Q: 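Before I ask anything, let me first share the structure, which is written out below as structure tokens.
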Amino acid sequence: MKIGVLALQGAFGLHERVFNRIGVTAFQVRTAQELAEADRLVIPGGESTAISKLLDANGLTAPLADRLAGGLPVLGTCAGLILLAAEVVDGYPGQHCFGAVNVAVRRNGYGRQSESFRAKIDVGGWEPAFPGVFIRAPVVESAGPEVEVLAELAGRPVLCRQGAAVVSCFHPELAEDDRVHRWFAELQ
Ligand code: GLN
């Protein structure tokens with residue numbers, strides 16, 4: 001199994017490193033050909049507006065929409081969550097959201113870069129709690145009934161799953177804790 005990490009902008013290198021550390025093959029995806037070779041995909045944190053434009057520039061928008069419609073297992077963190085959401089409340093005009101997870105998100109809803117924070121995230125059955133790193137993180141403002149909320153912070157979803165799509169508001173690749181990556185790599 002090979003996990004592709006979308007490598008247009010943002011924290012892709014750190015995701016790749018975590019997978020390599022836990023013995024899962026990961027590689028960087030920048031072209032439609034590389035996307036076609038991925039068994040699973042990570043869309044990293046970074047800047048969703050920039051990633052959205054670079055998807056267009058690299059001819060990846062339609063191929064990614066097709067793979068997602070075909071049930072490609074995908075992990076979207078932070079900006080990746082914004083790209084996989086069904087609705088971006090205050091997005092940039094024309095910014096893509098692929099609707100893999102039926103959530104509405106507000107960009108930068110947890111505040112600015114200087115308001116970044118860490119919080120312990122209770123994921124059902126995981127002991128100890130997962131160390132969540134939030135950096136200009138989106139707030140999940142609403143989630144449809146098909147969305148499984150796996151963890152909340154102050155009553156708001158921060159880790160969600162809908163079928164093969166998993167999204168987090170926080171950056172698991174910055175956590176020195178590989179449980180989200182292990183779980184995603186093994187997801188059935
Ligand atoms: N606020 C950023 C955006 O809108 C996401 C921040 C992040 O990925 N850490 O894309």
Side-chain angles (χ1 to χ4, degrees), residues 3-19 26 28-30 40-58 60-61 64-65 68 74-121 123 130-143 147 149-154 156-162 165-181 184:
I3 299 190
V5 182
L6 188 67
L8 300 176
Q9 189 270 336
F12 53 85
L14 291 171
H15 281 286
E16 198 185 7
R17 209 180 304 165
V18 178
F19 285 122
Q28 298 184 5
V29 169
R30 292 192 185 84
R40 296 182 179 210
L41 183 72
V42 174
I43 305 182
E47 180 51 56
S48 58
T49 53
I51 296 173
S52 181
K53 286 181 187 161
L54 290 166
L55 283 169
D56 287 340
N58 287 261
L60 277 166
T61 304
L64 178 57
L68 292 172
V74 63
L75 170 66
T77 61
C78 207
L81 155 60
I82 297 169
L83 283 151
L84 291 171
E87 190 189 341
V88 183
V89 174
D90 59 352
Y92 191 80
Q95 142 163 38
H96 293 301
C97 56
F98 289 92
V101 182
N102 186 16
V103 292
V105 296
R106 180 176 295 280
R107 291 179 58 224
N108 306 328
Y110 283 102
R112 298 143 67 107
Q113 186 86 16
S114 58
E115 293 159 315
S116 300
F117 63 97
R118 288 174 178 261
K120 290 198 188 318
I121 305 298
V123 184
F130 192 86
V133 179
F134 291 75
I135 303 170
R136 289 190 307 123
V139 164
V140 175
E141 298 213 318
S142 63
V147 178
V149 176
L150 302 168
E152 291 183 339
L153 181 66
R156 287 167 166 162
V158 291
L159 180 65
C160 300
R161 175 180 182 182
Q162 182 177 331
V166 177
V167 288
S168 69
C169 298
F170 53 92
H171 281 258
E173 79 286 4
L174 290 174
E176 278 151 39
D177 184 322
D178 48 40
R179 283 177 291 173
V180 169
H181 291 80
F184 174 66

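Both ligands and their constituent atoms are indexed starting at 1 by order of listing. Since the structure is predicted, the reported quantities are computational estimates derived from the model, not experimental observations.
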Q: Report the nearest protein non-hydrogen atom to atom 10 (O) of ligand 1: residue, atom name, distance rounded to 0.1 Å.
A: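 Going by distance alone, atom 10 (O) of ligand 1 is nearest to S48 N, 2.4 Å.
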Q: For the atom pair CG (L8) and CG (D56), what is the distance rounded to the nearest 0.5 Å?
A: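 The distance works out to 10.5 Å.
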Q: Who's closest to atom 2 (C) of ligand 1 heavy-atom-wise, of G45, G46, P44?
A: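 That would be G46.
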Q: Which residue is it: C169, C78, S116? I am looking for the one with a side chain to side chain contact (heavy atoms under 4.5 Å, CB included) to I135.
A: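 Of C169, C78, S116, side chain to side chain contact (heavy atoms under 4.5 Å, CB included) with I135 is met by S116 alone.
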Q: Less than 3.5 Å apart, any donor N or O on the side chain of E47 or Q9 sitting next to an acceptor on the other?
A: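 E47 vs Q9: no donor-acceptor pair found between side chains.
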Q: Mind checking whether I82 has an N or O less than 3.5 Å away from an N or O of ligand 1?
A: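 Among all N and O atoms of I82, none is under 3.5 Å from an N or O of ligand 1.
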Q: Answer side chain, backbone, both or neither: which part of T77 comes under 4.0 Å from ligand 1, heavy atoms only.
A: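 Near ligand 1, T77 shows nothing, with every heavy atom at 4.0 Å or more.
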Q: For atom 7 (C) of ligand 1, which candidate among G76, C78, A11 holds the nearest heavy atom?
A: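 Answer by nearest heavy atom: C78.
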Q: Using a 4.0 Å heavy-atom cut-off, say whether E47 meets ligand 1 through its side chain, its backbone, both or neither.
A: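 Contact part for E47 vs ligand 1: both backbone and side chain.
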Q: Any atoms of ligand 1 less than 4.0 Å from a non-hydrogen atom of H171? List them with their elements.
A: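 What qualifies from ligand 1 is 7 (C), 8 (O), 9 (N).
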Q: Please write down residue, atom name and distance for the protein heavy atom closest to atom 4 (O) of ligand 1.
A: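 Checking every protein heavy atom, the shortest distance to atom 4 (O) of ligand 1 gives R107 NE, 2.7 Å.
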Q: Among protein heavy atoms, which sits nearest to atom 1 (N) of ligand 1, and what does the distance come to when rounded to 0.1 Å?
A: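 For atom 1 (N) of ligand 1, the nearest protein heavy atom comes out as N108 OD1, 2.4 Å.
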